[in-house]
Amino acid sequence: MKTVTICGSMRFADDMMKIATRLEAERGFCVLQPVTEEIAYAKGRGKEMVFHEPI
């Protein structure tokens, strides 16, 4: 099984999820991608979000 990583701006989260689904279903890849539902869940409950900045 091949593993691929999808990364990019969260502005394209919906597109990344669609691409990941196709890669998993049609090609059998293991896809690592940003987790969007947990971010939305945390923000909706007033949790502080900490993002790492590149040095």
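When reading the values below, keep in mind they use all heavy atoms of this one structure, side chains included, and skip hydrogens, waters and symmetry mates. From a predicted model like this one, the values you see are computed outputs, not experimental measurements.
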Inset, instruction - Grab the two heavy atoms, one from C7 and one from M16, that are nearest each other, plus how far apart they are. - result: C-SD, 3.9 Å
Inset, instruction - Can you see which heavy atom on M17 is nearest to which on Q33, and at what distance? - result: CA-OE1, 3.7 Å
Legend entry - Gap between atom SG of C30 and atom NZ of K2 - 0.5 Å precision: 13.5 Å
Inset, instruction - Indicate if I19 and V4 have the same hydrophobic cluster label, given that clusters are the connected sets of ILVMFWY residues with side-chain heavy-atom separations under 4.5 angstrom. - result: yes
